[in-house]
Novice: 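Take this structure, written in structure tokens, and hold onto it; I'll ask about it next.
Just so it is clear, the structure is predicted and the values come from calculations on it, not from any experiment.
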Amino acid sequence: MKYSVTVFAYDFCHQKTNDILISLNLYGVRNVLVIAAPLIKLNHKSEKKTFKSEKQDEAIHPRKICANFNYNYQVCAHENVNLIKRLTLKNLSNIAIISGARIIKQNIIDLFYFGIINYHPGPLPETSGLDSIYWMIKNNAEPLASSHFIDNRVDAGELINECCIKVKLGDTLETIKNNLYFAQLKLHNQICQKIINNEILKTKKIVRPFKNSLMTEKQKKISLINFDNWKNHYLSKD
């Protein structure tokens, strides 16, 4: 068994894409195909936030990173199954990683023998969807990030691993978000290690009876009323 990796990314500066590509290179993962979706203007405010990293001004365009690493960079909408099929067949891709994407349909997922990996800033299924941090607080869910193989539903599929974060008394909401981001990168590093060692990725089924909806600004504010109680519940004893 040998992995050949495709990365689903955005065709613009995006910090998570930078970090995922850099880690793949540092771990020695070669022959990487990057399928970068062009920028799409979205109507929903919450969706817009997912397309623009808070560190976007610090990020390097992924095309430049791929040129430095000799990765195959292709601009292609993530819905274009015919072109993606041609690209992945030429690259012999059998596994994919999401660094940035909207919902990827089943006909795209089926192109990869091993599947497509996603990193989510929360436990699944409790925090599925875009507003994961608010659902984490509302549902009193554990402060952790998840790696999983996707299916055609949002934040579902097969769980690979989880990475807990430490919660401290002085942590703000932004501190928690940042720590969850770095927890996703730790999970990615674990995946990189397994890919380079050709190890099997063991999983367990995510039972997700329903999908969390997008929260309104009012609902987010209501959830944050419980932020201190949630934080105290998971306060690190170290």
Side-chain angles (χ1 to χ4, degrees), residues 1-10 14-36 62 65-66 68-74 78 84 87-101 104 106 108-128 132 142-166 178-208:
M1 175 191 65
K2 187 174 182 180
Y3 294 109
S4 182
V5 179
T6 286
V7 175
F8 285 95
Y10 297 135
H14 183 249
Q15 189 63 44
K16 189 174 182 180
T17 295
N18 283 193
D19 291 333
I20 281 179
L21 292 175
I22 289 168
S23 287
L24 284 166
N25 184 67
L26 287 174
Y27 276 86
V29 181
R30 308 293 180 236
N31 189 37
V32 174
L33 167 66
V34 177
I35 299 177
I65 293 177
C66 289
N68 288 333
F69 297 161
N70 199 28
Y71 287 171
N72 183 3
Y73 187 85
Q74 300 288 334
H78 293 163
I84 292 174
L87 292 170
T88 53
L89 282 173
K90 185 176 180 180
N91 203 68
L92 302 178
S93 299
N94 54 21
I95 193 168
I97 295 171
I98 296 173
S99 70
I104 295 181
Q106 190 65 49
I108 303 294
I109 298 170
D110 291 341
L111 297 176
F112 299 91
Y113 179 81
F114 294 107
I116 301 177
I117 297 170
N118 183 51
Y119 305 109
H120 180 75
L124 295 172
E126 297 95 322
T127 68
S128 63
S132 55
E142 289 185 81
L144 57 83
S146 306
S147 58
H148 66 108
F149 282 107
I150 66 170
D151 61 18
N152 60 354
R153 301 172 299 157
V154 175
D155 296 324
E158 299 279 338
L159 183 69
I160 302 170
N161 205 355
E162 297 173 330
C163 180
C164 293
I165 65 168
K166 290 183 178 180
N178 287 336
N179 290 342
L180 287 169
Y181 177 77
F182 288 114
Q184 291 175 78
L185 296 184
K186 287 182 181 179
L187 290 168
H188 176 58
N189 290 342
Q190 293 172 8
I191 296 293
C192 289
Q193 187 68 63
K194 289 183 180 296
I195 286 173
I196 204 67
N197 291 336
N198 297 316
E199 295 180 34
I200 295 173
L201 296 169
K202 297 180 181 180
T203 65
K204 64 178 181 180
K205 188 71 177 177
I206 297 170
V207 179
R208 199 207 70 179

Novice: Would F149 and I109 count as a side-chain contact (heavy atoms from CB on, under 4.5 Å) here? Give the steps.
Specialist: CA-CA 10 Å; F149 282 107; I109 298 170; over 6 Å; no
Novice: Can you tell me if S147 and N161 form a side-chain donor-acceptor pair at under 3.5 Å?
Specialist: no
Novice: With the side chain counted from C-beta on, respond yes when Y73 and I65 share a heavy-atom pair under 4.5 Å apart, and no when they do not.
Specialist: no
Novice: Indicate the atoms forming the closest heavy-atom contact of S23 with H188, along with that distance.
Specialist: CB-CD2, 3.5 Å
Novice: Would you indicate whether the side-chain heavy atoms of F69 and V32 approach each other to under 4.5 Å?
Specialist: no
Novice: Between CD1 of I98 and CD1 of I20, what distance do you get to the nearest 0.5 Å?
Specialist: 9.0 Å
Novice: Might you point out which heavy atoms bring H78 and A36 nearest each other, and give the distance in Å?
Specialist: NE2-C, 4.2 Å
Novice: Is any side-chain heavy atom of T127 closer than 4.5 Å to one of H120?
Specialist: yes
Novice: Mind checking side chain to side chain contact (heavy atoms under 4.5 Å, CB included) for K186 and listing every partner two or more places apart, or none if nothing turns up?
Specialist: C163
Novice: Could you tell me the separation between the CG atom of D110 and the CD1 atom of I116, rounded to the nearest 0.5 Å?
Specialist: 9.0 Å
Novice: Taking the side chain as everything from C-beta on, heavy atoms only, tell me whether Y71 gets closer than 4.5 Å to V5.
Specialist: no
Novice: Please round to the nearest 0.5 Å and tell me the distance separating atom CD1 of I160 and atom CG of N118.
Specialist: 9.5 Å
Novice: Could you walk me through whether I84 and F8 satisfy the side-chain contact (heavy atoms from CB on, under 4.5 Å) test, starting with their C-alpha distance in whole Å, then the side-chain angles of each, then the deciding distance to 0.1 Å, before giving a yes or no?
Specialist: CA-CA 10 Å; I84 292 174; F8 285 95; 4.1 Å; yes
Novice: For D19, check side chain to side chain contact (heavy atoms under 4.5 Å, CB included) against everything at least two apart and list the hits.
Specialist: Q15, Y181, L185
Novice: If you measure from NZ on K204 to CD on E158, what distance do you get to the nearest 0.5 Å?
Specialist: 11.0 Å
Novice: Provide the closest heavy-atom pair for L187 versus E162 in the form atom of the first, atom of the second, distance.
Specialist: CD2-C, 3.8 Å
Novice: Are side-chain heavy atoms of L201 and I117 found at a separation under 4.5 Å?
Specialist: yes
Novice: Are side-chain heavy atoms of R30 and N25 found at a separation under 4.5 Å?
Specialist: yes
Novice: Are a donor atom and an acceptor atom from the side chains of T17 and S99 found within less than 3.5 Å of each other?
Specialist: yes
Novice: Do you know which two heavy atoms are closest between C192 and L24, and how far apart they sit?
Specialist: SG-CD2, 3.7 Å
Novice: Which is it for K2 and L92 under the side-chain contact (heavy atoms from CB on, under 4.5 Å) test, yes or no, and what are the steps along the way?
Specialist: CA-CA 10 Å; K2 187 174 182 180; L92 302 178; over 6 Å; no
Novice: Strictly distance-based, threshold 3.5 Å: is any side-chain N or O of Y10 a donor or acceptor partner for the main-chain N or O of A101?
Specialist: yes
Novice: Are side-chain heavy atoms of T203 and L159 found at a separation under 4.5 Å?
Specialist: no
Novice: Here's a test for you: under side-chain contact (heavy atoms from CB on, under 4.5 Å), which of I191, L21, I195 qualifies with V29?
Specialist: I195
Novice: Tell me, yes or no, whether the heavy-atom count around N70 atom CG, taken from other residues, nucleotides or ligands under 6.0 Å, exceeds 12.
Specialist: no
Novice: Quick one: does N94's side chain have a donor or acceptor within less than 3.5 Å of a partner on S4's backbone?
Specialist: yes
Novice: Measuring only between side-chain heavy atoms, which start at C-beta, is Q74 closer than 4.5 Å to L33?
Specialist: yes
Novice: Nearest heavy-atom pair of L180 and A145: which atoms, and what distance?
Specialist: O-CB, 3.9 Å
Novice: Minimum heavy-atom separation for S146 to L124, with atom names?
Specialist: OG-N, 3.8 Å
Novice: If the condition is salt bridge (Lys or Arg N to Asp or Glu O under 4.0 Å), which residues does E142 pass it with, not counting sequence neighbours?
Specialist: none
Novice: Only one of T6, N31, T88 passes side chain to side chain donor-acceptor pair (under 3.5 Å) with S93; say which it is.
Specialist: T6
Novice: If we count only N and O atoms by modelled type, under 3.5 Å, do the side chains of N189 and Q193 hold a donor and an acceptor together?
Specialist: no
Novice: Tell me whether the count of non-hydrogen atoms from other residues, nucleotides or ligands lying under 6.0 Å of CD1 in I200 goes above 12.
Specialist: no
